[in-house]
Amino acid sequence: MKIYNSLSRKKEIFEPFDPQRVYMYICGVTVYDHSHLGHALSSIVFDVLYRYLRYKGYSVKKVQNFTDIDDKIINKALQEKTSSEVISEKYIKSFFQSIDGLNVLRSDSHPRATEDMEEIINFIKNLIDKGYAYESSGSVYFNVKKFDDYGKLSGNVHNEEYKSSRVDENHSKKHNNDFALWKISNAGEPFWDSPWSKGRPGWHIECSAMVKKHLGAQIDIHGGGMDLIFPHHENEIAQSECFSSKKPFVKYWMHNGMLRVKGAEMSKSLGNTFSINEALKRFSSDAIRLWILQTHYRTNPLLDLDLIKSTEKSLTRLRLINSELKSKPELKKMNFISFKQRFIESMDDDLNTPKAIATIFDLAKMIKKSSSTHDVSQGLILFRELSNILGLNYKKLTKDKVANDVNINEIELMIEERNQARSDKNWKEADLIRDKLLELGIEITDTTEGTKWKK
RNA sequence: GGCGACGUGGCCAAGUGGUUUAAGGCGGAGGUCUGCAAAACCUUUAUUCGGCGGUUCGAAUCCGCCCGUCGCCUCCA
């Protein structure tokens with residue numbers, strides 16, 4: 001299997017430190033708001049990686065953290081006149097609801113920064129002891145100049161010229177690129193005791209500490225969005241490699257592309273705030289997954305709801321294969337192994353899910369085509385097996401209640417009336433009733449087993 | 001200013017030197033079915049890969065230039 005490594009900027013053959021086991025860490029979300037479709041993209045991509053590695057026989061340990069203490073959470077708490085704990089708790093719940101809804105498997109562990117504070121503080125202590133970090137008026141900074149490899153991931157070299165647009169009120173840093181490991185708290189803000197001050201950890205240190213604690217000093221895969229390459233992951237490398245003196249901290253860095261939104265003005269109103277939970281009310285998890293996986297994970301797709309809708313459409317064919325097709329054991333068994341090979345070949349090539357999906361569609365077509373002349377049971381088994389790797393479960397969007405304002409009995413009655421009209425060959429009346437039903441949002445289908453309807 | 005990505009049919013999107021006169025999905029067209037529809041199924045839908053040069057027996061795929069789009073460099077999946 002080949003994986004594109006952001007560090008080397010090319011595809012590399014995947015060989016974990018331990019040939020049997022894979023240790024992977026995915027940067028999780030900062031829980032100050034509902035997760036949006038961009039998070040869905042990332043979650044789904046690494047969920048598929050997780051599923052596929054297990055399919056290949058690896059024993060995989062996947063860890064994804066929650067950043068549950070940071071400025072945005074504090075601000076939100078202030079805004080809503082509550083505590084950061086209440087805020088983070090609320091959005092952690094929402095996050096799980098979202099990824100469960102997307103059929104994303106839970107990671108083996110979901111640690112929170114606030115629960116690993118001891119580990120974080122010890123990590124910082126160690127870096128100070130080794131001379132990589134320094135304390136300055138209650139805060140602690142990493143001294144970037146002490147780490148020669150700084151910039152190896154992002155290509156951002158020490159750049160004193162570049163002045164960030166950010167208004168940094170902090171003048172206690174030695175160098176422009178030095179970053180906070182520990183931040184002294186202002187009055188009223190949440191804090192933890194430390195040798196340096198009552199304060200809280202900087203953003204990057206939690207991941208280094210949690211990787212170390214939950215997975216080890218060196219791991220196979222570290223994933224996240226491309227936007228995290230700098231400074232987050234660059235800084236993680238600095239911290240972790242200085243801490244353990246082991247290189248590389250991460251063997252394969254994987255970064256998914258960023259979901260883009262049409263038109264800048266839309267970003268605030270519609271696009272960016274389109275939460276996963278909101279999307280799941282309108283689309284099935286399969287549709288969202290297919291939409292995302294039909295684009296390679298390293299490209300930046302454009303959010304387009306019509307596209308998700310069209311994906312929903314393409315699923316009907318697959319659902320039909322999954323649920324309605326029966327195999328005929330009395331016929332000659334058909335072999336579908338070539339489809340499996342194609343699928344694996346695609347996935348082995350840096351998770352080429354668009355190609356893998358094409359194989360699933362081709363497989364579906366072949367099953368359908370051959371079902372009357374051959375026993376296609378093996379094809380059906382394979383179809384489900386491959387679908388499962390992509391996390392497709394073929395459950396329909398549960399538009400549960402057919403709306404309270406629509407009376408089911410009434411619908412049945414109208415359908416009966418229409419069928420009466422049809423048997424009387426009173427087409428005008430029949431069509432009129434059909435139109436009426438359509439106005440109510442009821443779509444009907446005449447089949448050999450009678451008239452079916454759906455909302 | 002620095003780092004990087006990309007431009008493939010109406011739309012989305014694989015392919016990155018010959019098995020490709022370019023997968024798959026959506027949409028369109030034609031057909032089967034139907035009272036008509038819908039759904040489903042079948043068939044069909046780019047001699048062509050932003051433009052111009054070059055390398056090569058051979059290029060969408062490599063090189064150069066030009067045009068265009070986008071991401072990151074600041075919290076961010």
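Order of the sequence lines fixes the chain letters, A, B, ..., with proteins taken first and strands second; residue numbering starts at 1 for each chain.
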Should R106(A) and D100(A) count as an ion pair when the cut-off is N to O under 4.0 Å? yes
Could you work out the separation of A39(B) and U34(B) based on their C1' atoms and round it to a whole Å? 11 Å
Under 4.0 Å between a Lys/Arg side-chain N and an Asp/Glu carboxylate O for R289(A) and D286(A)? no
Is the F179(A) ring parallel, tilted or perpendicular to the F142(A) ring (thresholds 30°, 60°)? parallel
Nearest-angstrom distance, P atom, G35(B) to G28(B): 24 Å
Between G64(B) and U55(B), how far apart are the two C1' atoms, rounded to whole Å? 11 Å
Taking atom C1' in both A14(B) and A22(B), what distance in whole Å separates the two? 10 Å
Between G51(B) and G7(B), how far is it from one C1' atom to the other, in whole Å? 11 Å
Scan M226(A) against the nucleic acid and name what it touches under 4.0 Å (heavy atoms): base, sugar-phosphate only, or nothing. nothing
In whole angstrom, what separates D348(A)'s CG from A14(B)'s P? 18 Å
On a whole-Å scale, what distance lies between the C1' atoms belonging to U45(B) and G10(B)? 11 Å
Start at the 5' end of RNA chain B and walk down; is the nucleotide closest to K313(A) or to K425(A) reached first? K313(A)
A23(B) versus U48(B) - spacing of their C1' atoms, nearest Å: 15 Å
If you find the nucleotide of RNA chain B closest to R9(A) and the one closest to K428(A), which residue's nucleotide is nearer the 5' end? R9(A)
If you check every side-chain atom of L320(A), which of A23(B), A40(B), G35(B) has the closest atom? A40(B)
Below 4.0 Å: OP1/OP2 of A5(B) and any side-chain N or O of N300(A): no
Candidate nucleotides C36(B), U43(B), G71(B), ranked by approach to the side chain of M258(A) - the nearest: G71(B)
Examine A40(B): is either OP1 or OP2 under 4.0 Å from a nitrogen or oxygen in the side chain of T316(A)? Give yes or no. yes
Inspect the contact between R418(A) and D431(A) and indicate whether a charged nitrogen and a carboxylate oxygen are less than 4.0 angstrom apart. no
When rounded to the nearest Å, what value does the distance between C1' atoms of U56(B) and G18(B) take? 12 Å
Indicate, yes or no, whether a donor-acceptor pair under 3.5 Å links the base of G35(B) to the side chain of D431(A). yes
